[in-house]
Amino acid sequence: IDTEHSLSLPRGSAEAWENIDKYLYAMRLSDETLLDIMARFKKEMKNGLSRDFNPTAIVKMLPTFVRSIPDGSEKGDFIALDLGGSSFRILRVQVNHEQNQNVLMESEIYDTPESIMHGSGSQVAFRSCRECLGDFMEKKKIKDKKLPVGFTFSFPCRQSKIDEAILITWTKRFKASGVEGTDVVKLLEKAIKKRGDYDANIVAVVNDTVGTMMTCGYDDQQCEVGLIIGTGTNACYMEELRHIDLVEGDEGRMCINTEWGAFGDDGALEDIRTEFDREIDRGSLNPGKQLFEKMVSGMYMGELVRLILVKMAKEGLLFEGRITPELLTRGKFNTSDVSAIEKNKEGLHNAKEILTRLGVEPSDDDCISVQHVCTIVSFRSANLVAATLGAILNRLRDNKSTPRLRTTVGVDGSLYKTHPQYSRRFHKTLRRLVPDCDVRFLLSESGSGKGAAMVTAVAYRLAEQHRQIQETLAHFSLTKDMLLEVKRRMRAEMDLGLKKETHDKAVVKMLPSFVRSTPDGTEHGDFLALDLGGTNFRVLLVKIRSGKKRSVEMHNKIYAIPIEIMQGTGEELFDHIVSCISDFLDYMGIKGPRMPLGFTFSFPCKQTNLDVGILITWTKGFKATDCVGHDVVTLLRDAIKRREEFDLDVVAVVNDTVGTMMTCAYEEPTCEVGLIVGTGSNACYMEEMKNVEMLEGTEGRMCINMEWGAFGDNGCLDDIRTIYDKMVDEYSLNAGKQRYEKMISGMYLGEIVRNILIDFTKRGFLFRGQISEPLKTRGIFQTKYLSQIESDRLALLQVRAILQQLGLNSTCDDSILVKTVCGVVSKRAAQLCGAGMAAVVDKIRENRGLDHLNVTVGVDGTLYKLHPHFSRIMHQTVKELSPKCNVSFLLSEDGSGKGAALITAVGVRLREGSS
């Protein structure tokens, strides 16, 4: 042990030293022992972090929800409360980051309220804190300001968020009843409310250790450990989130409050505890608890020395065996006395004074011996803290997997600050125990107040951010009344589209499809179907069999359409289509008989008959000349004639939505509505002929292709469209058109999400404020990604992986926010779609004068099929908005192929019936 005084010792006192060394042999710890303690503590830390061992772990390793040290962007005006030491401090902290990290602090110190030391009942405990805070605010004239408060509370607490702290157990000399197991934030807020003349917004609760780390972190970004060696002792450090089982997420770090004072409470330190340690524990307020703290901290150090002096005096080794009442009184010898006696120059003089005060009439040798006892006790403390801190530094080094660790430790505490030899000895031992760590120690000048303000600043910024995010996303939330209004407007637009005098101006076109009936089961025969709607083109043979064993058998082949043909002449396009049909007929071996054919042509057409479709405009990248304004059936028939190889009977031009309805109606006779929610969105339904004013005749029904994607193109949905909808519309290929579709369908939902994410990133809520290239790319959020991100089965980890595929490097918090945004946007889409559908089924019900309608909707489309929540929310919305309709939804199988064949079959049946 420290030989620094022994050189100047008078003769004779050297043997006094040796006697004491022998007497206190158990307190002198070798490096080997210290390394062993270090290893034990490292294991305890690991247990505390693990889900399985935490419940029984002694070192609790509590997550603090502080995720980073200050980065210099903190600013604002805060109040910091500091409770847990010998006094209760209140500070006002003003942080202004413009003027090179300027921090203004004003503080008042109050006596620690008796009610919280030993009061009874949780109501009483925080009453005096509230009074002190009221007094402080009056003095500073800030009662009306409602400043954010950071609360430093230096006791072991469980937190599940930054603004709650459930007291696990009182420590040090605190013992107020009724507080353990409750949230101290709630107790303090309740007390303040009761007083009623000021308001406090408690934004963050911080352990003093964390406060210390944050205070020092403000001046040194490398600070990642907080250490307190004062009345009590504790440490915190920045741990990798992936190692903290008790908190979801694996990205980034979080400060862990080790609560190391409890190290040894399970008996792990029994081999080094002495009889004096046991005696101190027996006489404490919390026997068996905080055993490491009781060997180390300032609260117990003077008492340890006193107990040793009493025992030595009893054995005649000191004061010639004199024992006075003062010497036997607890608290008559303090840690400040230990510090005074260990001072280099005046130590022995101080010893004489202090011992004389205790009435033991010390000799010079007694003074030297007592000085040596103090040295051994305080040195042991420094050694033990070096061992536990060494374990933390080791762990940091492992986490970073670097051969050498460079880091800063923020320190506070009266023992470390005021004891003349403590810090030097402590640093020296630490360097021996962890030679591969370069540690800078930074004294926390302002205690933990500034740090608490920093944590509060960050928490306040996050809370403010959360509020702004909620405010933005609120524009996507639709009440039942708003949805009923959308339903009412859809109904009004349908009527305008059906009526002769308003049809031309109407945006929802309500086009007649000339399909007058759903299948009745008698359809029979072999039919061809063509499906042209994108870059691929299908030819199908559909064999429909009627009778008892109704069946549909299908064969198809897919052909590509080269871009030069999509954008060449109309003749070239239709010649290509006919050559594909020719290839298919050969492939199936059916060239010869003139077969009936249905043509699914998924572009906007005006039909004047079942077999006439005049192309209104090309979409989806097609630009073939001489087609717009022409009948596509004529174009197809002409191309067949030019080839002079086979003849076909083109019976019907089919819209894919109508095909969807027909496919389902073949299986389920109550199906009278078709719906597509995929890349685009549309619906059709069976309307009474008498309401279809555009056509002659009032008998029977006809399927109306609504073309409902254009709902809102006249501005009737502007009150629910957000700035993001407007941006998506502005930058789309058909600005101002298909506005309803742009709020519903898969092609656009990803764009809405992308625009929100860009805005949130600009506002600093996401991706660290960095807008990456992929985020600027239109169309990267395909439906399949939205569906995957929102799947409940996916952990955040997988959401992050999807975002990474898209080139977006996201943290866990980013991933949570992205998932929230996707959810909000797709929920609105499903609700709007449901409101439109509710208008349709209620119109059918009213058409037929029914109190109650049973109806089935045939549905197709990737969004409906793949999205984890869309269909459920849409069904729910229809149910709520149309309570008099019992609506079933049936997934359609291949509406554009099988549906086209069925329409053709029905067309042939009706044609034969009427001829």
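Owing to the predicted nature of the structure, the values given are computational and were not obtained by experimental measurement.
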If you take all heavy atoms of [X] and [Y], which pair is closest and at what distance?
| X | Y | answer |
| --- | --- | --- |
| T657 | L675 | CG2-N, 4.2 Å |
| A665 | P519 | CB-CD, 3.8 Å |
| L473 | T820 | CD1-CG2, 4.2 Å |
| S582 | E645 | OG-OE1, 2.7 Å |
| S892 | T663 | OG-CB, 3.9 Å |
| S579 | R643 | CB-NH1, 3.3 Å |

Would you please classify the geometry between the [Y] ring and the [X] ring as parallel, tilted or perpendicular, with 30° and 60° separating the classes?
| X | Y | answer |
| --- | --- | --- |
| H867 | H869 | perpendicular |
| H875 | Y864 | tilted |
| Y587 | F584 | tilted |

Looking at [X] and [Y], does any basic side-chain N land under 4.0 Å from a carboxylate oxygen?
| X | Y | value |
| --- | --- | --- |
| R545 | E553 | no |
| D647 | K641 | no |
| D759 | K762 | no |
| D729 | R721 | yes |
| R491 | D495 | yes |
| K606 | D631 | no |
| K898 | D531 | no |
| E751 | K742 | no |

Side chains of [X] and [Y], heavy atoms from C-beta outward: is any pair under 4.5 Å?
| X | Y | result |
| --- | --- | --- |
| L540 | H555 | no |
| V887 | V857 | yes |
| F760 | N755 | no |
| V515 | M662 | yes |
| M837 | V673 | yes |
| Y748 | M743 | no |
| F537 | I577 | yes |
| F646 | V578 | yes |

Apply side-chain hydrogen bond (donor to acceptor under 3.5 Å, both in side chains) to the pair T670 and E668, showing each step before the final yes or no. CA-CA 6 Å; T670 60; E668 172 50 70; 2.6 Å; yes
Please determine whether side chain to side chain contact (heavy atoms under 4.5 Å, CB included) holds for the pair V650 and R637, giving the CA-CA distance in whole Å, both sets of side-chain angles, and the decisive distance to 0.1 Å. CA-CA 8 Å; V650 186; R637 285 176 179 149; 4.0 Å; yes
May I ask you to decide if [Y]'s main-chain N or O and [X]'s side chain share a donor-acceptor pair within less than 3.5 Å?
| X | Y | result |
| --- | --- | --- |
| E523 | G521 | yes |
| H524 | S546 | yes |
| T722 | D725 | yes |
| D626 | G570 | no |
| T904 | G598 | yes |
| T777 | E773 | yes |
| R489 | C716 | yes |
| K827 | F870 | no |
| R754 | L775 | yes |
| S513 | C703 | yes |

Using 0.5 Å steps for rounding, measure from the CZ atom of R828 to the CG atom of L749.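 R828 CZ to L749 CG: 8.0 Å, rounded to 0.5 Å.
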How many angstroms lie between CE in M706 and OG in S681, if you round to the nearest 0.5 Å?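 Here the rounded value is 10.0 Å.
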Would one find more than 12 heavy atoms of other residues, nucleotides or ligands at under 6.0 Å from atom NZ of K737?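 For K737, atom NZ is not crowded (no more than 12 foreign heavy atoms under 6.0 Å).
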Can you confirm whether M686 is buried at CE, in the sense that more than 12 heavy atoms of other residues, nucleotides or ligands lie under 6.0 Å from that atom?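 Enclosed: over 12 neighbouring heavy atoms sit under 6.0 Å from CE of M686.
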Evaluate the salt bridge (Lys or Arg N to Asp or Glu O under 4.0 Å) criterion for residues R909 and D520: first the C-alpha distance (whole Å), next the side-chain angles of each, then the deciding distance (0.1 Å), finally the verdict. CA-CA 10 Å; R909 174 172 62 99; D520 65 0; 2.6 Å; yes
Using a distance-only test with no angle check, is there a side-chain donor-acceptor pair under 3.5 angstrom linking [X] and [Y]?
| X | Y | value |
| --- | --- | --- |
| N705 | E707 | yes |
| E790 | S826 | yes |
| T600 | D656 | no |
| E687 | Y685 | yes |
| N682 | E741 | no |

Worked check of side chain to side chain contact (heavy atoms under 4.5 Å, CB included) between D860 and K865: CA-CA 7 Å; D860 201 355; K865 283 181 173 169; 3.0 Å; yes
Can V753 and L786 be said to form a side chain to side chain contact (heavy atoms under 4.5 Å, CB included), step by step? CA-CA 9 Å; V753 167; L786 295 185; 4.1 Å; yes
Does R550 make a cation-pi contact with Y666, if we ask for NZ or CZ under 6.0 Å from the ring centre and within 45° of the axis?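 Cation-pi check for R550 and Y666: passes.
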Can you check salt bridge (Lys or Arg N to Asp or Glu O under 4.0 Å) on D718 and R739, steps first, answer last? CA-CA 9 Å; D718 285 2; R739 289 182 178 173; 3.6 Å; yes
